[in-house]
Amino acid sequence: MATVAAPRRFCRCACFYTGNLYVARYGLHVRFRGEQQLRRDYGPILRSRGCVSTKDFQQLLAELEQEVERRQRLGPESAARKALIASSYHPARPEVYDSLQDAALAPEFLAAAEYSVSPGADIKGLLQRLETVSEEKRIYRVPVFTAPFCQALLEELEHFEQSDMPKGRPNTMNNYGVLLHELGLDEPLMTPLRERFLQPLMALLYPDCGGGRLDSHRAFVVKYALGQDLELGCHYDNAELTLNVALGKVFTGGALYFGGLFQAPAALTEPLEVEHVVGQGVLHRGGQLHGARPLGTGERWNLVVWLRASAVRNRLCPMCHCEPDLVDDEGFSDGFTREEPTTVDVCALT
């Protein structure tokens, strides 16, 4: 009797609606459960950063309440945008939507992935095929895409940006960019990138972070330009592991900087700075504190892939550091699952 794996239902942790809310004006992430809790937990630091008047605080309260409401609508609204884009949007570079081909990938990346699945592969051999940015912080770099593919993807992203299609924010800290699942690029591009290439690499580099058990992702492109987002505040990602690929264009500034693992931003003293190289990807643990320096000139577009392993996060939410309180959601959501994969009887489905 043939069996297949049943589709998994992915969830959020309920802390998504109350925690890690970013207040750009004060450069602060906060947990928000009401006015009294906000005053108690953040009053002194908010005052030190300029939230001093009653008007300031009431404005902040209104913004946080709006953000909570926005997050509660995210799943259905994102699904509606994806459906509209699929039915009405006309790509400029339709070949980008074809299944991921080896020709789109840098030879160095292909070689590293091929080595990772070879008999006897180990971390020592893999590191000979990557650039070690920081051995202590376990940050690595490798070319990921070819220059022609980066150019084609950028042209498609710019075409979409200039269209009248609805667009979701990449995350709470980036206001400009594209959610790749809404554009229809998860299935042909991001899922095979994760399953065929990134998982073997991550299994050797980060076995303790679920690198060999990645089962979902969140992929988005962020854009930095004068008059738009210029920098990115200190944070860590809602992911076990992260890939950050510079797609282009021509720019100065905007370097990544890294602190410690799950380090509080206020404790950051001597960060490690990493310059972007177009086509190359930086690999790091999601909990590694990081941010981006201000852009100097030009435009910078980066593909960011949050890689998630439900086997890890089901035990401990990386954002609230508690056992997750699960809430059903759309798509890959935040990568939590209620149970391990099950199998179903194929005959029962026919």
Side-chain angles (χ1 to χ4, degrees), residues 13 15-16 18-32 41-42 44-46 48-49 130-141 170-175 177 202 205-211 214 217-220 222 224 229-246 253-277 280-295 300 302-309 312-313 315-322 324 334-335:
C13 176
C15 76
F16 177 76
T18 59
N20 204 45
L21 279 69
Y22 184 60
V23 184
R25 186 166 62 259
Y26 302 121
L28 190 65
H29 285 86
V30 301
R31 182 173 59 92
F32 178 59
D41 294 348
Y42 301 101
I45 190 170
L46 283 169
S48 73
R49 299 191 180 190
L130 306 176
E131 175 190 348
T132 299
V133 175
S134 171
E135 182 177 1
E136 175 194 1
K137 299 183 187 302
R138 300 170 68 186
I139 301 172
Y140 309 99
R141 175 153 55 189
N171 54 68
T172 59
M173 299 180 72
N174 292 100
N175 296 295
M202 298 304 200
L205 291 174
Y206 306 102
D208 53 325
C209 301
L214 302 173
H217 60 265
R218 178 177 173 81
F220 50 92
V222 291
Y224 297 85
D229 289 339
L230 289 178
E231 60 188 310
L232 187 63
C234 236
H235 66 287
Y236 52 83
D237 297 335
N238 186 358
E240 277 63 66
L241 301 164
T242 297
L243 168 68
N244 186 327
V245 184
L256 292 172
Y257 62 90
F258 291 91
L261 190 66
F262 290 113
Q263 180 185 12
L268 186 61
T269 54
E270 296 182 4
L272 167 72
E273 293 209 358
V274 181
E275 296 294 335
H276 296 281
V277 180
Q280 295 196 8
V282 176
L283 305 169
H284 63 87
R285 293 171 292 181
Q288 202 80 44
L289 187 73
H290 60 285
R293 299 298 187 199
L295 186 75
R300 179 167 70 82
N302 281 58
L303 167 66
V304 179
V305 188
W306 288 352
L307 297 160
R308 292 159 166 171
V312 174
R313 60 182 37 230
R315 298 194 301 269
L316 190 73
C317 172
M319 305 311 288
C320 65
H321 307 289
C322 298
D334 275 349

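Please read these numbers as outputs of a predicted model, since none were measured by experiment.
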From CA spacing to verdict: side chain to side chain donor-acceptor pair (under 3.5 Å), His276, Arg300 = CA-CA 9 Å; His276 296 281; Arg300 179 167 70 82; 3.1 Å; yes
key: Minimum heavy-atom distance Gly210-Ala309, with the two atoms named   = O-CB, 3.6 Å
remark   = So OH of Tyr42 and OG of Ser48: to nearest 0.5 Å the spacing works out to 13.5 Å
inquiry  = For a quick test of reading the model, state the closest non-hydrogen atom pair linking Glu273 to Ala255 and the distance between them.
reply    = OE1-CB, 4.1 Å
Over all atoms of both residues, closest heavy-atom pair of Pro318 and Glu240 = CG-OE2, 4.2 Å
ask   = Of all heavy-atom pairs between Asp334 and Arg313, which one has the smallest distance, and what is that distance?
value = O-NH1, 2.5 Å
query = Between Val282 and Ile139, is a side-chain contact (heavy atoms from CB on, under 4.5 Å) present by the stated rule, with each step listed?
reply = CA-CA 7 Å; Val282 176; Ile139 301 172; 3.7 Å; yes
request  = Taking all heavy atoms of Asn238 and all of Trp306, pick out the closest pair and write down the distance.
outcome  = O-CE3, 3.9 Å
message = Looking at every heavy atom in both Lys137 and Gly260, which two are closest together, and how far apart are they?
response = NZ-N, 4.2 Å
key: Thr18: partners by side chain to side chain donor-acceptor pair (under 3.5 Å), with sequence neighbours left out   = none
inquiry  = Quick check: do Cys15 and Cys322 have side-chain heavy atoms less than 4.5 Å from each other?
reply    = no
message = Do Asn20 and Val30 make a side-chain contact, defined as non-hydrogen atoms from C-beta onward lying under 4.5 Å apart?
response = no
key: Side-chain touch Leu283/Leu241, heavy atoms, less than 4.5 angstrom   = no
inquiry  = When you compare the side chain of Val274 with that of Arg141, does any pair of heavy atoms fall below 4.5 Å?
reply    = yes
Residues which pass side chain to side chain contact (heavy atoms under 4.5 Å, CB included) with Leu261, listed by chain and number, not counting sequence neighbours = Arg285, Gln288
request  = Not counting sequence neighbours, which residues clear side chain to side chain donor-acceptor pair (under 3.5 Å) with Arg49? List them please.
outcome  = none
remark   = Applying side chain to side chain donor-acceptor pair (under 3.5 Å) to Asn244 and not counting sequence neighbours gives Asn302
inquiry  = Holding to ring-ring contact (aromatic ring centres under 6.0 Å, His included), I want the full list of residues that pass it with His290, two or more places apart in sequence or in another chain.
reply    = His235, Phe258, His284
task = Using a 4.5 Å cut-off on heavy atoms from C-beta on, say whether the side chain of Cys234 contacts that of Leu268.
result = yes
ask   = What class does the angle between the rings of Tyr236 and Phe262 fall in, given that below 30° is parallel, 30 to 60° is tilted and above 60° is perpendicular?
value = perpendicular
ask   = Is it true that Asp208 and Arg138 have a side-chain N and a carboxylate O under 4.0 angstrom from each other?
value = yes
query = Would Arg31 and Leu21 count as a side-chain contact (heavy atoms from CB on, under 4.5 Å) if you check the C-alpha gap in whole Å, the side-chain angles of each, and the deciding distance to 0.1 Å?
reply = CA-CA 6 Å; Arg31 182 173 59 92; Leu21 279 69; over 6 Å; no
inquiry  = If the condition is side chain to side chain contact (heavy atoms under 4.5 Å, CB included), which residues does Glu135 pass it with, not counting sequence neighbours?
reply    = Thr132
key: CZ on Phe220 to CG on Leu303, rounded to 0.5 Å   = 8.5 Å
request  = Indicate yes or no: at least one non-hydrogen side-chain atom of Leu46 is less than 4.5 angstrom from one of Leu28.
outcome  = yes
request  = Please tell me if the side chains of Tyr140 and Tyr206 come closer than 4.5 Å, counting only heavy atoms from C-beta onward.
outcome  = yes
